[in-house]
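These notes are about the structure you will find just below.
Proteins come first, then strands; the chains are lettered A, B, ... in the order of their sequence lines, and each starts at number 1.
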Amino acid sequence: MSDLVDLQSPHEIGHEMRDEIRRISDHLRRRRQVRSTIMVALCGVALAVTAVPLLLLLFELFHRGLPVVLHTGFYTQLPQTPSLVAPNVTGGVSNAIIGSIVLSAYAAVMAIPVGVLAGVYLAESDSKLATMLRIIAQTMAGAPSILMGLFAFSFVVRALHIGFSAIAGSFALAVLMLPVIVISSEIAVRGVPNTLREAGLALGAKPHKVSMRIVLPAAVTGIVTGIILAVSRAIGETAPVLLVIGGGYINSWKPLNPVSALPLSIYENAKSQWPSLRTQVWGIALVLVVFVFILSLSARIWASRKQRAR
Amino acid sequence: MADRGADDGVDFTDLLPPDLQRQAEVVAEFNSVTTSRTWYHYLLIVASLVFAAVSVGFVGTILWNSLPEWAHHSRTLLGGRGWQAPIGPFGGLAMIVGTLETSLIALALAVVIGIGTSISIVFLIPRRFRNIVATLVELLAAVPSIVYGLWGFLVLAPWMLTTVNPWLNSWPFAKAIFGNPGQEFGTSLLLASIVLAVMILPTFVAISREVIAVVPQDLIEASLSLGATRWQVIREVVLPTARVGLFGATFLALARATGETVAVALVAGGVANVQFHLLYPGTSIAAWIATQFGESSSTEISALMALGVILMIINFGLSLISRGLVNRQRKILAVV
């Protein structure tokens, strides 16, 4: 009998070891889980840390900006410098609104044809020129915007003797928009299925007809989305226009006149000594942000609708 | 397989007899937009050349205008202190140091917080809200930088002055790191770094969220099935797989921070001192160009152009690095 008990003992040792192992592994698992909970919670904290300043920023913007933008004079009047007699007279920002529209319109006219066609070329070609252009486009897309201002200053204002003008600002913005449009057009054209091209060629269409009549219409959603995003980026840029548009105080649609722009008047009013101008500046910022939001939201919604329709 | 075009790299023309090979080449050339000799083809080429010319002109013009300054004062530009307008010498050290300080501190803040945020967006937030949050992040990335600058200047700077500066100075050793400007400055290098961090966070999160979201689900499920906890999956599987892409996003954010102009011009204080105490005002290359340009003489403009060249070199270097890293990530994920 004792032999049998002895025979069972390894078995019991096994039991003990198993319990021991289970205890240790329970302990380790608990530790892993506690650690996991803590770290994942920290990630949640990071989300909160990101969200709080950004939401505060949006809150301040609407809270301080809304009272300003509710006056119609804000959109229709020219700016006035407050004086000691009338410290609260600030006028409106009609010149800046018109200036921003003029600047981005001329910039778009300059940048869109070149950008889209260059993008189509990049999508259709694998030549050395195309490879080089692709690298150039991606590098230029991240270039600091102040450098576009320096370029426009030396080229348009000085070398061409045009002077501080809307067209110089648009040129700077066009240089800023070009690489963005090139890249997004290339991606859009590349996204068109090859079967469409081959179907066109098989029916006997000439290659340029295929590209113009089949590929471009199929890619137009992506191209337009890219253009809208480029415009919405350009309209908010301060640095390039700061150096070259001259800050005009009249409503002007002419390309050779100095103009103002929304971001520029934000920059100038923020530094002003007058509290009334520093109050008004939130209204200008709100108008600018709403404008940018509408542009990029519409691009996004339109793109996703079209995608679903396909 | 039938719908693959000629662009997948397989070329069957080698198998044809020689006379038909020539014919196939002619057909291929005829069918390609970019080699067929039509007005459309020339239009595309001209547009591309215009784009190339603009880009080359962009770099060339700035270089050309900075040449007089580089020729005579290159050492002052890179290592000199003090900016004596209007005739010089123009020392660029303060701006270079200020650019590096503000953007690196901003980057450190933004990357740590940003990776945590992207992980929460991808793994913590309920699926329903994920798209909304992603859209919100991308909208915030589109907010013009001047608005961040305005917020920093009119809201944060007074708050720094009344609350944060005294609080920081109540710490031991804090004076050694931050300095003690008392009630004088609300704008400072530290504030510029914070505003930059808040500004690049949406950009960084927008990219890193995508990089993290495309980590293959198989890998995640495999490690979950082996009993890994959530954090273990994130640390051992998700982050290593996304590593290269995250580096790419980091360099892109750094490039954006170094090039930021008006926000820094508003909140950094605009003083050209080499300053390592972060609560004192300073400046950066881009902000200095923006604030000095208005009243500058032609020699000073050439010095500012030279600063622009330094900024361009920093920025282009960073974007080339980030481009290479993102491409490598794409290849890694293609293999997985």
Let me know if A:Leu133 has heavy atoms under 4.5 Å from chain B in its side chain, its backbone, both or neither. both

Exam field: side chain A:Thr279 to backbone A:Pro275, donor-acceptor pair closer than 3.5 Å: yes

Before you tell me yes or no, could you show the steps for B:Thr203 and B:Arg256 under side chain to side chain donor-acceptor pair (under 3.5 Å), namely the whole-Å CA-CA distance, both residues' side-chain angles and the distance that decides it to 0.1 Å? CA-CA 9 Å; B:Thr203 317; B:Arg256 189 158 175 219; 2.6 Å; yes

Ranked by heavy-atom pairs below 4.5 Å to chain B, first place among A:Met212, A:Arg35, A:Met132 goes to A:Met212

Proximity breakdown for A:Arg64 and chain B, heavy-atom pairs closer than 4.5 Å: side chain

Give, for atom CZ of B:Phe51 and atom OH of A:Tyr121, the distance between the pair rounded to the nearest 0.5 Å. 13.5 Å

Mind ranking A:Ser127, A:Gly142, A:Gly149, A:Ala285 by heavy-atom pairs under 4.5 Å with chain B and telling me who comes out on top? A:Gly142

Look at the aromatic rings of A:Phe151 and B:Phe58 and report parallel, tilted or perpendicular, splitting at 30° and 60°. perpendicular

Contact origin within A:Val114 toward chain B - heavy atom pairs under 4.5 Å: both

If the condition is salt bridge (Lys or Arg N to Asp or Glu O under 4.0 Å), which residues does A:Glu237 pass it with, not counting sequence neighbours? A:Arg233

Where does B:Ser302 contact chain A at under 4.5 Å (heavy atoms): side chain, backbone, both or neither? neither

Can any side-chain N or O of A:Arg190 pair as donor or acceptor with the backbone N or O of A:Leu122 at less than 3.5 Å? yes

With only heavy atoms counted, which part of B:Leu201 is less than 4.5 Å from chain A, the side chain, the backbone, both or neither? side chain

Using non-hydrogen atoms and a 4.5 Å limit, figure out which bit of A:Ala48 sits close to chain B: side chain, backbone, both or neither. neither

Report which part of A:Glu60 has an atom under 4.5 Å of a heavy atom belonging to chain B: side chain, backbone, both, or neither. side chain

A:Pro263 side chain near B:Pro144 side chain, heavy-atom distance below 4.5 Å: no

Only one of B:Val267, B:Thr187, B:Val195 forms a side-chain contact (heavy atoms from CB on, under 4.5 Å) with B:Leu156, so which one is it? B:Val195

Report which part of B:Arg323 has an atom under 4.5 Å of a heavy atom belonging to chain A: side chain, backbone, both, or neither. side chain

Non-hydrogen atoms of chain A under 4.5 Å away: do they reach the side chain of B:Ser319, the backbone, both or neither? side chain

Under a 4.5 Å heavy-atom cut-off, does chain A meet the side chain of B:Leu252, its backbone, both or neither? neither

Just so I understand: if I count every heavy-atom pair under 4.5 Å between each of A:Ala159, A:Ala141, A:Ser154, A:Pro179 and chain B, which residue has the most? A:Ser154

For chain A, the option from B:Ser55, B:Ser322, B:Ala286, B:Ala110 that forms the most heavy-atom pairs under 4.5 Å: B:Ser55

Under 3.5 Å, is there a donor-acceptor pair between the side chain of B:Asn315 and the main chain of B:Leu311? no

Can a donor-acceptor pair be found, under 3.5 Å and without considering hydrogens, that links the side chain of A:Ser211 to the backbone of A:Pro207? no

Per-residue tally against chain A (heavy atom, under 4.5 Å) across B:Val143, B:Thr135, B:Val155 peaks at B:Val155

Can you tell me if A:Ser232 uses its side chain to pair, donor with acceptor, with the backbone of A:Leu229 under 3.5 Å? yes

Under the rule for side-chain hydrogen bond (donor to acceptor under 3.5 Å, both in side chains), what residues qualify as partners of A:Arg32, not counting sequence neighbours? B:Gln232

Contact class of B:Ile125 relative to chain A, heavy atoms under 4.5 angstrom: side chain

From the list A:Leu57, A:Leu178, A:Val210, the residue making the most non-hydrogen contacts under 4.5 Å with chain B is A:Leu57

Structural part of B:Phe153 lying under 4.5 Å from a heavy atom of chain A: side chain

With chain B as the partner, which of A:Leu243, A:Leu61, A:Thr37 has the greatest number of non-hydrogen pairs under 4.5 Å? A:Leu243

Look at the aromatic rings of A:Phe153 and B:Phe293 and report parallel, tilted or perpendicular, splitting at 30° and 60°. perpendicular

Checked A:Leu129, A:Leu286, A:Leu288, A:Thr50 vs chain B; the most non-hydrogen pairs under 4.5 Å come from A:Thr50

B:Ile121 versus chain A, the contacting section by heavy-atom distance below 4.5 Å: side chain

Let me see the working for B:Ile212 and B:Ile119 under side chain to side chain contact (heavy atoms under 4.5 Å, CB included), right down to the final yes or no. CA-CA 7 Å; B:Ile212 287 177; B:Ile119 289 173; 4.0 Å; yes

Top contributor to chain A contacts, counting heavy-atom pairs under 4.5 Å, from B:Ile194, B:Leu140, B:Val50: B:Leu140

Which bit of B:Leu320 comes within less than 4.5 Å of chain A, counting heavy atoms only: side chain, backbone, both or neither? side chain

